[in-house]
Structures are given as C-alpha cells and as structure tokens.
Amino acid sequence: MKIATFNINGVKARIEALTAWLDATQPDVAVLQEIKSVDEGFPREIFEDMGYNVETHGQKGFNGVAILSKFPLEDVTRGLPGGAGAGREGVDDEEARYIEATVVGLKPVRICGLYLPNGNPAPGPKFAYKLRWMERLQARAQDLLSHEEVALLCGDYNIIPQAEDAARPDAWRDDALFRLDSREAFRRILNLGFTEAFRSREAGSGHYSFWDYQAGAWEKNNGIRIDHFLLTPQCADLLNDCWIEKDVRGREKPSDHVPVWVDLAA
DNA sequence: ATGGTCGCCGAGCGA
C-alpha cells in the first residue's frame with residue numbers, strides 16, 4: 001500500500017496539479033492538508049471519478065484536511081480528541097486540522113492525517129495553542145500505541161525535528177517550527193515508541209519537504225523537512241520504503257510543500 | 001533589502 005501525505009495549499013488552486021500528480025503516481029491513499037475549503041466546496045466528484053473514496057474535514061478559508069483512498073475508508077473521525085476540555089470550551093476544535101480513518105487493504109491500517117498549528121509568532125497565544133495541540137496529539141498517539149494498532153500519524157507537523165532538517169538552521173532558531181520547546185514536544189511523542197519513517201531510512205542532511213514561495217527559496221534549495229510519518233511498532237514492521245517526491249516543487253503552479261511517501265506491506 | 005510570494009476571497013490575514 002502506497003500512502004502519500006501532501007500539504008496542497010488550497011484544493012481549488014491546486015486541482016490541475018493535484019489530479020495530474022494522482023494520475024501519474026497512483027497513490028493508494030493521499031492524505032491532504034490545507035485544503036482551504038469547506039466540505040461542501042471540496043471537488044469530491046473529481047477524485048471519485050478517479051476511483052478514490054473521499055473524506056474531508058474542512059472549514060472556510062483556512063486549514064482543512066482530507067483523505068483520498070482507493071480502498072474503503074471505515075470509522076472516520078474528525079477533529080483531534082480533547083479539544084473541549086483543553087482550554088476554553090470548544091476553542092481547540094474550531095480549526096479543522098485532524099482526521100482519522102481505517103483503510104482496509106490487505107491489512108487494515110489506521111491513518112491519522114494532521115495539520116499541526118504553525119505557532120508563530122512565538123511566544124504568544126498562537127504558540128501556546130500549538131503546544132496545547134501537541135499535548136492532545138500525544139494523548140491520542142499514546143492510545144494508538146496502547147491498543148497495539150497498525151497505525152500511522154502523518155501530515156504537516158510544522159516541526160523541524162533536527163538541525164540537519166533545515167538548509168539554514170540558524171535562521172530558524174527562534175521560530176515556532178524549530179524552537180527547543182517545539183522539538184521537545186515532538187520528541188515526547190516520538191519517544192513513546194514511534195518510528196519516524198523517513199529518518200529511519202535516511203540519516204543524512206539535505207532532505208526537505210517545504211520551500212517558501214519567497215526569496216527564491218526553491219532555487220537556492222533553502223528548504224526544511226516538516227512533513228512526517230510516525231509509525232506504531234506494528235506499522236513499522238510493515239515499512240518497505242519512505243521517500244520525498246522533491247521534483248513536484250519544480251512543476252507548474254506548485255504547492256510550497258511536496259509529497260512524502262511510505263510503502264507498507266499492507 | 002524592514003521587502004520578498006502565495007491563497008483564501010474580494011480586505012487583510014495566515015503561512
């Protein structure tokens with residue numbers, strides 16, 4: 001089963017590039033972030049006509065996540081648990097950043113698609129929201145481990161895990177994507193027992209999943225690696241491969257992110 | 001270089 005996570009930065013602006021990419025690469029599952037669309041505005045028929053089952057969790061203008069799957073999608077849930085009690089009533093659930101579904105291929109896999117808050121400027125209320133959101137993600141991640149599920153959490157984490165995941169780490173030192181407290185929160189989740197799929201297969205530097213639209217970042221290869229797959233042990237046992245599809249960034253009207261893939265024996 | 005570029009919508013925010 002080939003699964004790609006892809007922050008598409010707006011489904012309406014990306015529909016041509018996205019359908020061409022699906023046609024060419026044929027993922028079994030595409031986990032999308034920043035659809036920037038309400039559920040009713042998502043062009044689901046286009047993807048259904050390509051053979052995909054479609055589940056979305058959108059909102060007006062910003063954020064929004066979706067899962068496209070050639071296999072059936074079961075037990076779909078929208079929103080990260082713990083929002084109502086995490087701060088003021090319901091506040092954490094106003095942003096559509098999380099969706100889960102079980103993909104039933106050779107073996108069922110629980111797929112968790114996430115768009116983790118950016119958190120800038122830090123410190124401040126947006127950064128506090130990011131850290132609170134990561135605490136909730138950690139709780140959900142612990143549940144998946146405790147139940148020994150074949151599961152993965154993938155998406156735009158807005159976290160640069162290590163210095164080798166940025167072309168210019170010094171430029172990100174105080175940014176919400178690379179601050180020590182952000183990286184510590186990410187490591188707390190990872191250290192519960194997850195495998196970070198890409199890092200497990202590639203120890204080196206210079207592999208990025210995002211290049212800013214500004215200041216010629218792509219042309220200078222001034223990138224960062226912020227789109228990740230975290231696998232439970234039961235899922236890591238099925239990992240065949242993980243790679244970043246870098247060349248997508250150089251195509252016509254690209255997203256600022258590129259797809260990251262895993263191939264599972266599932 | 002106190003900007004630079006996108007996408008949401010149809011001004012200014014978020015990234």
Side-chain angles (χ1 to χ4, degrees), chain A residues 5-21 30-44 46 56-66 80 91-98 113-134 137 154-161 165-179 181-183 185-186 208-228 246-260:
Chain A
T5 180
F6 191 3
N7 180 324
I8 58 172
N9 191 20
V11 70
K12 295 172 191 71
R14 212 68 57 217
I15 193 66
E16 201 168 323
L18 183 58
T19 52
W21 170 74
V31 185
L32 307 178
Q33 302 87 39
E34 284 208 88
I35 63 173
K36 296 188 176 181
S37 166
V38 294
D39 295 332
E40 309 79 63
F42 191 84
R44 60 164 47 242
I46 293 175
T56 63
H57 180 40
Q59 70 177 88
K60 183 180 166 68
F62 305 105
N63 306 322
V65 289
L80 183 61
V91 164
D92 280 2
D93 283 332
E94 285 176 7
E95 302 192 14
R97 297 178 172 276
Y98 192 84
L114 63 96
Y115 175 46
L116 208 147
N118 176 296
N120 279 305
K126 290 186 176 181
F127 189 63
Y129 174 71
K130 177 177 195 160
L131 293 182
R132 200 163 66 241
W133 205 95
M134 293 184 80
L137 184 63
C154 71
D156 179 358
Y157 281 73
N158 270 313
I159 293 285
I160 304 165
D165 299 311
R168 296 170 50 198
D170 289 346
W172 296 90
R173 196 63 62 186
D174 299 319
D175 192 280
L177 277 61
F178 192 60
R179 283 171 56 110
D181 33 11
S182 299
R183 289 185 284 122
F186 181 74
Y208 312 127
S209 66
F210 168 92
W211 295 259
D212 201 290
Y213 287 124
Q214 299 185 62
W218 169 245
E219 288 74 14
K220 298 173 187 167
N221 196 27
N222 179 18
I224 52 176
R225 193 173 69 89
I226 57 175
D227 300 88
H228 310 298
K246 179 179 181 179
D247 68 290
V248 170
R249 185 63 177 81
R251 293 180 191 167
E252 195 75 18
K253 210 171 189 300
S255 171
D256 40 8
H257 296 249
V258 297
V260 182

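Convention: sequence-line order gives letters A, B, ...; per-chain numbering from 1. Side-chain atoms are counted along with the backbone in the values below, which use heavy atoms only and exclude waters and symmetry mates.
Here the side chain of Arg225(A) pairs no donor or acceptor atom with the backbone of Ser209(A) at under 3.5 angstrom.
The ring pair (Phe, Tyr, Trp, His ring centres under 6.0 Å) search around Phe210(A) returns His257(A), not counting sequence neighbours. Judged as a side-chain hydrogen bond (donor to acceptor under 3.5 Å, both in side chains), and not counting sequence neighbours, Arg168(A) has no contacts. Residues meeting the ring pair (Phe, Tyr, Trp, His ring centres under 6.0 Å) test with Tyr115(A), sequence neighbours left out: none. For Trp218(A), the ring pair (Phe, Tyr, Trp, His ring centres under 6.0 Å) partners are Trp211(A), not counting sequence neighbours. With sequence neighbours left out, Phe42(A) forms a ring pair (Phe, Tyr, Trp, His ring centres under 6.0 Å) with Phe47(A).
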- Query: In B/S/- notation, 5' to 3', how is nucleotides 4-9 of chain B contacted by protein heavy atoms closer than 4.0 Å?
  - Reply: BBSSS-
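dC9(B) and dG4(B) have their P atoms separated by 24 Å, with the value rounded to a whole Å. Rounded to a whole angstrom, the distance from the P atom of dG3(B) to that of dC13(B) is 15 Å.
For the pair Ile224(A) CD1 and dA15(B) P, the interatomic distance rounds to 13 Å; values are reported in whole Å. Rounded to whole angstrom, the span from the CZ atom of Phe127(A) across to the C1' atom of dG14(B) amounts to 17 Å. The interatomic distance linking Asn63(A) (CG) with dA15(B) (C1') rounds to 10 Å, in whole Å. Whole-Å rounding puts the Gln59(A) CD to dG14(B) C1' distance at 11 Å. Rounded to whole angstrom, the span from the CG atom of Asp156(A) across to the P atom of dA15(B) amounts to 10 Å. Spacing between atom CG of Asp256(A) and atom C1' of dG14(B) amounts to 12 Å, rounded to whole angstrom units.
Among the heavy atoms of the strands lying under 4.0 Å from Tyr115(A) are primed sugar atoms or P, OP1, OP2 only; no base atom is included. The residue Arg97(A) sits close only to the backbone: its heavy atoms come under 4.0 Å of sugar-phosphate atoms, none of a base.
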